[in-house]
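Computed from a prediction, not measured in an experiment: that's the story for all the values here. So you know, we letter chains A, B, ... as the sequences are listed, proteins then strands, and number each from 1.
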Amino acid sequence: MKRTLFILLSNPLSLLGVILVALVVLCAIFANVIAPFPSHAGAVVDFVNFNKPPQWPSIMGTDLVGRDIFSRILFAYRISLVLGVVVLSIAVPVGVVIGLAAGYLGGWIEYCLMRLTDVFLSVPPLVLAMSIMGVLEPTLLNGMLAVTAMWWPWYTRVVYNITRSEREEGYVLAAEVIGAGPAHVMFREILPNCVPAIVTKMTLDLGFVILIVSSLSFLGLGVQPPTPDLGSMVAEGARYLPDSWWLTVFPALAILVAVFGFNLVGDALREILGAEQ
Amino acid sequence: MTDTLNIRDLTLDFKGHSGTARVLHGISLRIGRGERVALVGESGSGKSVTARIVLGLLQELRGVRVGGTVEFDGRDLASLTRRQRAALRGTAMSMIFQDPTSSLNPVYPIGTQFTEVLRRGEPGISERDAALRAATLLNDVSIRDSGRVLGSYPFQLSGGMNQRVMIAMALANEPALLIADEPGTALDVTVQAQTLGLMRDMVAAHQTSVLFISHNLGVVREFADRIYVIYKGRIVESGTTRAVFDAPGHAYTRALMAAVPRLTGGGIPEIDDASADFLAPAVLHAEAAP
């Protein structure tokens, strides 16, 4: 643990990543404290101050109905992170269990599960999410569902590959020889060996989920107004470029900061956990 | 007294796309109580699959057909259910592998894995009792600083140390039969000799029967009471270690012995890969007086 922290903080890039992630998470948690206009997260109009460039007290300007963009970004972070965590906490267990079962049990179980996974992988992720959102109502819950449905196969692939190679290791045979059942071998012997890869991928993916959710919102299929979302904010503002640049640039930068931060931390974790193996 | 292990006419076929391939052509083998028996042969001769059949692991695979009988402690393995066979593993029979380090899970400390093994034999054993038992067992295999070893991960210990841990674990639940599949082949020769000596003392003290699988005749001569020589899925010669080494009766056994490198030099003689002589009927030496 100490070593992990040391490596994380001694490399300038991963330090930057940790700072960015900490910043994003803190912004999300304390959004209602930090935001100068917490009420602007909802359906509020203030036509006196509409479409103002950055100035005090709206340091990132105001949008077309006069809401403070900075406040809305903070609340958008909150929703993006919650979405990311919910998506991953459903997609990861599902993907991991399927990957373990396919990799360890083999035979027709492996065949069925992996072909099913391939079907999901063969459809471009955004298209899959869009078609699910198109069929269902475009709500926040359905957004999570759509993104989850396209996310688990990646974990299945990762865990399946590790399981296939670990299955041949001596300790798996040793466990079988002392009478361990499939559940024990899968979850107690092989799964712990997959954890580094899973954790690394989860950190990287948190950024990507934010990106994907933003893309869906950008296309009008994700989070619906008046709930603030980085993607839909960018989409709304894009029509008024380049004159009202603050409508687009600040939400876009906010996406960049979050995705970049999670990527840096993910890379650092990959290095640390990889080295420990 | 019933034998610990009695194999009669064991055959094994693998079913593939192009028909079935016979791997074992009816081998018979018996191990008495507390007896150390070696199964010697080249790579691919069927040594390891025999061990897997005894453990009941191979029968569970599809595309595998096993014939003949395998009796363990007087009970026919084929008459047992899958669950009953699994219950025998780790309690009544256990196994030691070629590479001790990869046989231990890298993500758990030795102590955790040892506790798991002890729980197989005694499900309710407490954490503290397990640690005490483990320390005693490690002491038996000449590991004095058991506290440090139990807290270590497998990759923090040397191969020889891991091998001794494996021996201690394999004998922890007092199995009737220990299968040693080329133990310590992955270790260097001096360490291998040390751990084998240790293993011999341990099995003698516990009255454990051993099926020792090896291609190393030097090791076998030191370790085993009786020898079975296996070639292409057939037993070609069997007898007491002394009898087989003094008067190897089968052409293949003689070839195998000639292939052992000697300190005095002279190189390895030219031996045919296959020869009609090797398929000659088995030579059976008289069994030693019980």
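- Residue contact with chain A, scored on non-hydrogen atoms closer than 4.5 Å, is absent for B:Tyr153.
- With respect to chain A, the highest number of heavy-atom pairs below 4.5 Å among B:Gly90, B:Pro175, B:Ser102 belongs to B:Ser102.
- For B:Asn105, the parts lying under 4.5 angstrom from a heavy atom of chain A are both the backbone and the side chain.
- A pairwise comparison of heavy atoms in A:Ala174 and B:Ser103 identifies CB-O, 3.5 Å as the closest pair.
- Contact count against chain A (heavy-atom pairs under 4.5 Å) is highest for B:Leu104 among B:Leu104, B:Leu55, B:Asn173.
- Counting non-hydrogen atoms of neighbouring residues, nucleotides and ligands closer than 6.0 angstrom, the CZ atom of B:Phe14 exceeds 12 such neighbours.
- The local environment of CZ in B:Arg119 is crowded, with over 12 non-hydrogen atoms from other residues, nucleotides or ligands closer than 6.0 Å.
- Side chain of B:Tyr108 to backbone of A:Pro192: no donor-acceptor contact under 3.5 angstrom is found.
- Side chains of A:Tyr171 and B:Pro154 form no contact here, defined as non-hydrogen atoms less than 4.5 Å apart.
- Heavy atoms of B:Arg52 lying under 4.5 Å from chain A belong exclusively to its side chain.
- One distance of note links CE of B:Met93 with CD1 of A:Ile178; it measures 14.0 Å at 0.5 Å rounding.
- For A:Phe187, the CZ atom is densely surrounded, since the number of other residues' heavy atoms within 6.0 Å is greater than 12.
- In this structure, A:Glu176 does not pair ionically with B:Arg89, as no charged nitrogen and carboxylate oxygen lie closer than 4.0 Å.
- Interatomic distance, B:Gln113 CD to A:Glu189 CD, rounded to the nearest 0.5 Å: 7.0 Å.
- Heavy-atom contacts from other residues, nucleotides or ligands closer than 6.0 Å to CZ of B:Arg83 number 12 or fewer.
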